[in-house]
Amino acid sequence: MIIKRNKPLLNRRHVLRGLGACIALPMLECMHLPSAFADAAATPLSKPTSPKRSVFLYIPNGVNTLTWQIQTAGKDYEFTSPLKSLERHRAEITPISGLHHPNVLGKHHNCDKVWLTGANVPSSGGAFRNSVSADQLMAQVQGKSTRFPSLELAIEGHSLAWSRDGIQIPAEHNVSTIFNRLFGEESGGKEAVRRRLARRSSILDAVLGDASRVNKQLGSEDRNKLDEYLTAVRQVEVRTESANAWLDVPKPKLDRSEIERYTRRLDMNRVQEYHRLFFDLMVLALRTDMTRVITCMICSEANGGAIPDIGISQARHGLSHHNGDPEQLRRLTATDTFLVEQLSYFLDQLKAHKDEDASLLDTTQVLWGSGMAYGHSHGNANLPTLYAGGKALGAKHGQHVDFNLPAIMQYNMEQANEHYKICGRPVDDNARLSNLLLTMLHRSDVETEQFQDSVGTISQVVK
């Protein structure tokens, strides 16, 4: 691209269109690496660090809180019916009640997009500028030793991950594509890839050089917009260098049976099989240390979550708007139960694999939950939240942590409307999901005193 110095003052649209013609960020080969906008790139030259892994799993539209709610705090709690499959993991899991994101209260739209950011969202559900998600701060630290700083996955729906500039990092939905990215051979061979990366580096250099000259001709508002665009370009530049360095590091070799399992054609109506294939792929990525940070949206807020396996063809969004209908509530509880059973399976697999002197579950902290509690009226306090694993990282489990009971004394489950009230407005204003995210950040060696609107860590889940 050539920009003449004697050209009249350029407007923002012209500049961005010109740069876009030179480089289309979403199409770069180096963006085959997930988290294309993360700040830190991993290279094999980075000093190896002790693995401290994190996985974030999101379910949409809340739960049937009447059958979900655990009613006693402490160690001697009883798992409710949707949570029964977690009994075998009692020593590795902590159910938490009463958490919320203050900026999302009363604004049901976009609650999935800010589950890991806690950012303020518009009531209308329109476009907004997000902030960095907790997983990407972890990737900046833990990703320095892995080929992929983080993986963004979605069985259904969109990505949970957001860069420091509030840009959503695309998620991958296809198991075969994910597997090939992690363990497949580079297209055209290593040297062909290296040549492609070199060409991309040249384009990036040209873009940055031209933009530097154009920047002097712009007003402050246009300059800020251009800087925002160029931040993404610079981050791609870093990723290009990382991808080039990792080309000389062999990928793990896998058995043919594993390769065939992840690359064969699947029946999408066999939901349990498909979910478990995703979970097994996450375990494979973690145990081979290809990445240490994973986000995965389980199903879409809008129209996902049907489970033909158990005779439910409705999406979770429709089930969540049950209007108190007993049959709809029964089905919602059945889907809650199914989703928790898949989490329990995931924990089984993490526990089954050794990671030096501990299990993979001990070196992996897992957050499972939703940005909504009571879907019918879009109540987003008292969020369903399960924190598991990470004992080797300093996490402590074996009790139900409840921020509601100190104030309400006991749950009134016989009066549904009374219970729904605490799912719409928090009982404890300081019981914030950002507190838990801050706690998890510290377990991953992220040095920060605060995350979003956190007011401290949750001491009950750390040793």
Side-chain angles (χ1 to χ4, degrees), residues 58-59 61-83 93-112 114-121 123 320 322 324 329 332-333 336 367-387 396-440 450-462:
Y58 185 88
I59 66 162
N61 310 114
V63 296
N64 180 359
T65 186
L66 296 178
T67 53
W68 178 275
Q69 183 65 59
I70 298 171
Q71 298 183 50
T72 57
K75 294 182 178 180
D76 298 326
Y77 70 94
E78 181 179 349
F79 282 109
T80 53
S81 60
L83 300 169
I93 198 163
T94 301
I96 305 176
S97 296
L99 296 180
H100 69 288
H101 273 319
N103 287 324
V104 189
L105 293 173
K107 308 172 186 177
H108 64 282
H109 296 290
N110 291 326
C111 65
D112 53 334
V114 298
W115 187 56
L116 295 182
T117 71
N120 197 4
V121 299
S123 300
S320 71
H322 48 72
L329 285 166
L332 182 57
T333 295
D336 295 342
L367 179 62
W368 184 102
S370 181
M372 191 177 294
Y374 176 44
H376 182 66
S377 64
H378 304 124
N380 36 34
N382 194 32
L383 299 177
T385 304
L386 300 169
Y387 178 49
K396 179 178 68 175
H397 299 292
Q399 62 176 323
H400 171 217
V401 176
D402 194 309
F403 293 99
N404 298 322
L405 282 173
I408 67 174
M409 304 304 291
Q410 67 178 22
Y411 288 101
N412 186 356
M413 308 306 294
E414 300 301 321
Q415 299 293 324
N417 289 334
E418 290 301 312
H419 183 65
Y420 290 150
K421 287 180 182 178
I422 68 174
C423 298
R425 300 297 301 178
V427 173
D428 183 345
D429 289 339
N430 288 327
R432 302 179 179 186
L433 182 55
S434 294
N435 295 346
L436 179 58
L437 296 175
L438 178 65
T439 306
M440 295 180 69
Q450 187 175 24
F451 179 74
Q452 193 54 256
D453 48 30
S454 65
V455 293
T457 57
I458 298 180
S459 60
Q460 295 95 323
V461 298
V462 294

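- Between Leu436 and Val461, the closest heavy-atom pair is CD1-CG2, 4.5 Å.
- The closest side-chain heavy-atom distance from Asn103 to Gln452 is below 4.5 Å.
- Within the 4.5 Å cutoff, side-chain heavy atoms of Pro426 are placed close to those of Leu105.
- Here His378 pairs with His108, His321 under the ring-ring contact (aromatic ring centres under 6.0 Å, His included) rule; sequence neighbours left out.
- The shortest heavy-atom contact between Phe79 and Pro95 is CE2-CG, 4.3 Å.
- A distance of 6.0 Å separates OG in Ser97 from CD1 in Ile70, rounded to the nearest 0.5 Å.
- The minimum heavy-atom distance between Gly424 and Ala381, with the atom names listed, is C-CB, 4.0 Å.
- Across all non-hydrogen atoms, the minimal contact from Gly398 to Thr94 is N-OG1, 4.1 Å.
- Taking every heavy atom of both residues into account, Gly62 and Ser370 meet most closely at N-OG, 3.3 Å.
- The shortest side-chain heavy-atom distance between Leu433 and Trp115 falls under the 4.5 Å cut-off.
- Contact of the Asn380 side chain with the His101 side chain is not registered, since no non-hydrogen atoms from C-beta on lie closer than 4.5 Å.
- The distance from the CD1 atom of Ile59 to the CH2 atom of Trp368 is 3.5 Å, given to the nearest 0.5 Å.
- The local environment of CD in Glu78 is sparse, with at most 12 non-hydrogen atoms from other residues, nucleotides or ligands closer than 6.0 Å.
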Please test Thr80 against Thr67 for side chain to side chain contact (heavy atoms under 4.5 Å, CB included), starting from the C-alpha separation and ending with a verdict. CA-CA 7 Å; Thr80 53; Thr67 53; over 6 Å; no

Side-chain donor-acceptor pairs under 3.5 Å in residues 403-417, sequence neighbours left out?
unit_1 : atom_1 : unit_2 : atom_2 : d
Asn404 : ND2    : Asn382 : OD1    : 3.0
Asn404 : ND2    : Tyr411 : OH     : 3.1
Tyr411 : OH     : Gln69  : NE2    : 3.2
Tyr411 : OH     : Asp402 : OD1    : 3.1
Tyr411 : OH     : Asp402 : OD2    : 2.5
Asn412 : OD1    : Gln415 : N      : 3.3

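- The two residues Met372 and Cys111 come nearest to each other via the heavy atoms CE-SG, 3.8 Å.
- Residues satisfying the side-chain contact (heavy atoms from CB on, under 4.5 Å) criterion with Thr72, sequence neighbours excluded, are Tyr77.
- For Ser320, the side-chain contact (heavy atoms from CB on, under 4.5 Å) partners at least two apart in sequence or on another chain are Asn61.
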Do Thr457 and Val462 pass the side chain to side chain contact (heavy atoms under 4.5 Å, CB included) test, and can you show the C-alpha distance, the side-chain angles, and the key distance before you say yes or no? CA-CA 9 Å; Thr457 57; Val462 294; 5.7 Å; no

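- Residue pairs meeting the salt bridge (Lys or Arg N to Asp or Glu O under 4.0 Å) criterion with at least one partner in residues 420-433, sequence neighbours excluded, are Glu418-Lys421.
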Evaluate the side chain to side chain contact (heavy atoms under 4.5 Å, CB included) criterion for residues Asn435 and Leu99: first the C-alpha distance (whole Å), next the side-chain angles of each, then the deciding distance (0.1 Å), finally the verdict. CA-CA 9 Å; Asn435 295 346; Leu99 296 180; 5.7 Å; no

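- For His397, the ring-ring contact (aromatic ring centres under 6.0 Å, His included) criterion is met by Tyr387, not counting sequence neighbours.
- Atoms CH2 and OG1, from Trp68 and Thr333 in turn, are 10.5 Å apart once rounded to the nearest 0.5 Å.
- Formation of a donor-acceptor pair under 3.5 Å by the Thr439 side chain with backbone atoms of Ile458 is found in this model.
- In this structure, CG in Leu66 is found 6.0 Å from NE2 in His419, a value given to the nearest 0.5 Å.
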